[in-house]
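Structure first, commentary second.
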Amino acid sequence: MGNFSTSPTAVRALIFSLVALALCSCRRVTHKEIIGYQGPARQDPFLAAERFLQKERQGARVVNRLKDLATHRGPLIASSQSFINYGDAHNVIDWVEEGGHLILLLEGAERWRNDWKDAGIFEILKAHKREAEETKLLDALGISGHDEDGDSFSAHQGKRTASVGRSKLTAELAGQFSATGDAALADVCFGDKDAPALASFPFGEGRVTVLANARPFRNRWIGEHDHAALLAALVDLGQRGEVWFLNGARVSFWKMLWERGWMALVALAVFFAAWLWKNLPRLGPLRTPPGQTVRDFTAHLALTGAFLWQQREPDTLLQPLRDAVTAAATRLGWHTKDPDFTAKIAARSGLAEARVVTALRAAGIRERNVFLRITQDLRKIADELRAKTTIT
């Protein structure tokens with residue numbers, strides 16, 4: 001076995017590295033970032049409320065239309081903005097008067113809204129313009145005065161306590177509205193009588209419950225305070241049965257496109273503007289063409305040649321000269337398939353055989369000097385062959 005020795009320098013370097021490593025302090029930093037709900041909970045803001053009612057009450061499901069409303073006996077939870085089809089307001093009012101229970105959400109029921117983020121640029125473009133059916137419904141119920149122009153999602157937010165049935169419940173509610181007629185005689189009220197945040201009142205044989213804002217029943221907040229208990233208590237005020245959630249407020253395709261893909265749209269607009277700038281260089285009005293001018297044949301040839309050269313078609317320009325050489329050679333009894341065809345032409349024209357081969361067979365020439373030399377060689381070859389047409 002061989003001897004193994006370690007130099008003092010290597011030992012010192014190793015000891016220094018171990019001491020430095022021991023003196024280093026490692027610290028782990030944890031950064032917590034809330035990204036909100038993903039999947040079904042992101043698309044359905046009332047998913048937790050639906051599952052809670054499915055487990056604790058007579059069931060719940062989402063509906064997109066009210067075609068079977070006349071036979072429905074359970075509560076209907078709907079945003080006022082969902083009433084956009086002709087006749088919806090009349091049908092739901094008749095249904096309530098015959099014993100139904102409508103839980104109406106005036107604001108904050110939008111499905112596009114992310115509870116964990118600000119509304120962003122879409123909220124700037126959003127203008128809640130009432131549809132005719134929504135106006136009919138609110139006027140018939142005596143509801144007015146809620147925020148129609150801006151975002152009332154967190155307006156007048158505060159914790160309120162009231163009795164619902166036999167339970168005294170606390171909820172954090174947002175927004176308020178004005179109530180007249182039957183709505184002013186609410187037997188359940190959160191907030192001031194003149195400007196409640198939640199009011200429930202009999203209407204005909206049925207009942208109407210109005211919330212200024214849907215915030216307490218959305219996924220993020222239904223587990224806070226007594227929000228879940230409040231939902232259950234409100235549902236129990238009317239007829240027992242399956243709870244229907246009318247498929248929230250709707251937005252136009254263009255607004256949704258701007259909200260989801262505004263970066264791509266801006267990039268597309270910039271690209272389109274750049275394309276227009278490149279392809280529309282004219283900076284003034286079109287000028288009338290000059291009067292008729294006579295252009296000689298050589299000018300036409302020059303323009304044609306310039307066009308073909310610009311379009312990368314040099315072979316098209318050379319082909320007539322090559323055809324002239326082939327025709328002259330044929331008159332001498334020579335053929336292009338002869339093995340000594342280029343040698344004969346070189347001997348007759350006085351050019352090197354390599355230049356003759358290049359002149360007759362080169363393709364895709366892009367250098368101006370090479371193209372000019374080939375043109376001159378072809379003309380010289382044609383002239384020499386035409387001058388000596390006697391077969392020897």
Review point. Can you tell me how far the CD atom of Glu353 sits from the OG1 atom of Thr358, to the nearest 0.5 Å?
Key: 10.5 Å
Check your understanding: Can you check whether Gly87's main-chain N or O pairs, donor with acceptor, with Asn91's side chain at less than 3.5 Å?
Key -> yes
Review point. Any Lys/Arg nitrogen of Arg61 or Glu242 sitting under 4.0 Å from an Asp/Glu carboxylate oxygen of the other?
Key: yes
Let me have the donor-acceptor pairs involving side chains of residues 229-239, under 3.5 Å, with sequence neighbours excluded, atom names and distances please.
residue : atom : partner : partner atom : Å
Asp236  : OD1  : Arg57   : NE           : 3.1
Asp236  : OD2  : Arg57   : NE           : 3.2
Asp236  : OD2  : Arg57   : NH2          : 3.0
Gln239  : NE2  : Gly99   : O            : 3.0

Review point. Could you walk me through whether Asp315 and Gln319 pass the side chain to side chain donor-acceptor pair (under 3.5 Å) check?
Key: CA-CA 6 Å; Asp315 297 340; Gln319 193 59 45; over 6 Å; no
Revision key, fill the gap. In this structure, CD of Glu50 is separated from CZ of Phe46 (nearest 0.5 Å) by 8.5 Å
Which atom pairs, one a donor and one an acceptor, fall under 3.5 Å between side chains of residues 195-205 and the rest of the protein, sequence neighbours left out?
residue : atom : partner : partner atom : Å
Ser200  : OG   : Arg207  : NH1          : 2.9
Ser200  : OG   : Thr209  : OG1          : 2.8

Point to revise | Results of side chain to side chain donor-acceptor pair (under 3.5 Å) for Asp377 - residues two or more places apart only | key: Arg355
Review point. Quick check: are there more than 12 heavy atoms from other residues, nucleotides or ligands sitting under 6.0 Å from CZ of Arg368?
Key: no
Check your understanding: For the residue pair Ala109 and Pro45, what are the closest heavy atoms and their distance?
Key -> O-CG, 4.5 Å
Check your understanding: Asp383 and Lys380: salt bridge (charged side-chain N to carboxylate O under 4.0 Å, His left out), yes or no, with the steps?
Key -> CA-CA 5 Å; Asp383 292 342; Lys380 181 177 180 180; over 6 Å; no
Exercise for review: Consider only side-chain heavy atoms of I, L, V, M, F, W and Y, link residues closer than 4.5 Å, and tell whether Val62 and Leu47 are in one cluster.
Suggested key: no
Review point. Going by heavy atoms in the side chains, are Val208 and Val96 under 4.5 Å from each other?
Key: yes
**Study point:** Qualifying residues under side chain to side chain donor-acceptor pair (under 3.5 Å), relative to Thr326, sequence neighbours excluded
**Key:** none
Point to revise | From Ser82 atom OG to Leu104 atom CG, the distance as rounded to the nearest 0.5 Å | key: 9.0 Å
Check your understanding: Side-chain heavy atoms under 4.5 angstrom apart, residues restricted to Ile, Leu, Val, Met, Phe, Trp, Tyr: same cluster for Leu265 and Met263?
Key -> yes
Check your understanding: Are any non-hydrogen side-chain atoms of Val210 and Phe177 less than 4.5 angstrom apart?
Key -> yes
Review point. For the atom pair CG (Leu141) and CG (Asp139), what is the distance rounded to the nearest 0.5 Å?
Key: 9.0 Å
Revision key, fill the gap. In terms of heavy-atom contacts, Ile222 and Phe217 come closest through CD1-O, 4.1 Å
Exercise for review: For residues Leu53 and Phe245, determine if any side-chain heavy atom of one lies less than 4.5 Å from a side-chain heavy atom of the other.
Suggested key: yes
Point to revise | Test side-chain contact (heavy atoms from CB on, under 4.5 Å) applied to Arg361 and Thr342, step by step | key: CA-CA 11 Å; Arg361 298 171 184 173; Thr342 55; 3.9 Å; yes
**Study point:** Any side-chain heavy-atom pair of Leu138 and Leu106 under 4.5 Å
**Key:** yes
Practice item. Decide yes or no on side chain to side chain donor-acceptor pair (under 3.5 Å) for Thr170 and Thr161, but give the supporting numbers first. Key: CA-CA 4 Å; Thr170 300; Thr161 301; 3.0 Å; yes
Check your understanding: How many angstroms lie between CG in Leu173 and NE2 in His225, if you round to the nearest 0.5 Å?
Key -> 9.5 Å
Review point. Under 4.5 Å between side-chain heavy atoms, hopping through other hydrophobics if needed: is there a path connecting Val357 to Val370?
Key: no
Study note, to complete from the structure: For Val356 and Ser349, the nearest pair of non-hydrogen atoms, with its separation, is CG2-OG, 4.4 Å
Point to revise | Trp221 ring center near His227 ring center (under 6.0 Å) | key: no
Practice item. Please identify each residue that fulfils side chain to side chain donor-acceptor pair (under 3.5 Å) with Trp95, with sequence neighbours left out. Key: none
Review point. Are Arg215 and Glu172 ion-paired here, with the side-chain N under 4.0 Å from a carboxylate O?
Key: yes
Review point. Considering residues at least two apart in sequence or located in another chain, which fulfil the salt bridge (Lys or Arg N to Asp or Glu O under 4.0 Å) criterion with Asp94?
Key: none
Check your understanding: Is the side chain of Asn219 donor-acceptor paired with the backbone N or O of Ala48 at a distance under 3.5 Å, no angle test?
Key -> yes
Exercise for review: Determine, stepwise, if the pair Val164 / Phe190 fulfils side-chain contact (heavy atoms from CB on, under 4.5 Å).
Suggested key: CA-CA 10 Å; Val164 184; Phe190 282 76; 3.8 Å; yes
Revision key, fill the gap. Here the gap from Ile93 atom CD1 to Glu98 atom CD, rounded to the nearest 0.5 Å, amounts to 12.5 Å
Practice item. Side-chain contact test, heavy atoms from C-beta onward, threshold under 4.5 Å: evaluate it for His101 versus Leu76 and give yes or no. Key: no
Practice item. Could you please spell out the steps behind the side-chain contact (heavy atoms from CB on, under 4.5 Å) verdict for Ile77 and Trp244? Key: CA-CA 6 Å; Ile77 301 177; Trp244 282 7; over 6 Å; no
**Study point:** Side-chain (Gln54) to main-chain (Ala60) donor-acceptor, under 3.5 angstrom
**Key:** yes
**Study point:** Which atom of Cys189 lies closest to which atom of Lys193, heavy atoms considered
**Key:** SG-CA, 4.3 Å
Revision key, fill the gap. On a heavy-atom basis, the closest approach of Phe371 and Ile365 is N-CG2, 3.9 Å
Review point. Under 4.5 Å between any side-chain heavy atoms of Gln81 and Glu107, yes or no?
Key: yes
Check your understanding: Is the shortest heavy-atom distance from the side chain of Glu313 to the side chain of Leu317 under 4.5 Å?
Key -> no
Review point. Does Leu105 reach the side chain of Ser80, with side-chain heavy atoms less than 4.5 Å apart?
Key: no
Review point. Under 3.5 Å, is there a donor-acceptor pair between the side chain of Arg218 and the main chain of Gly108?
Key: yes
Check your understanding: Which pair of non-hydrogen atoms, one from Trp334 and one from Leu385, has the smallest distance, and what is that distance?
Key -> CZ3-CD2, 3.7 Å
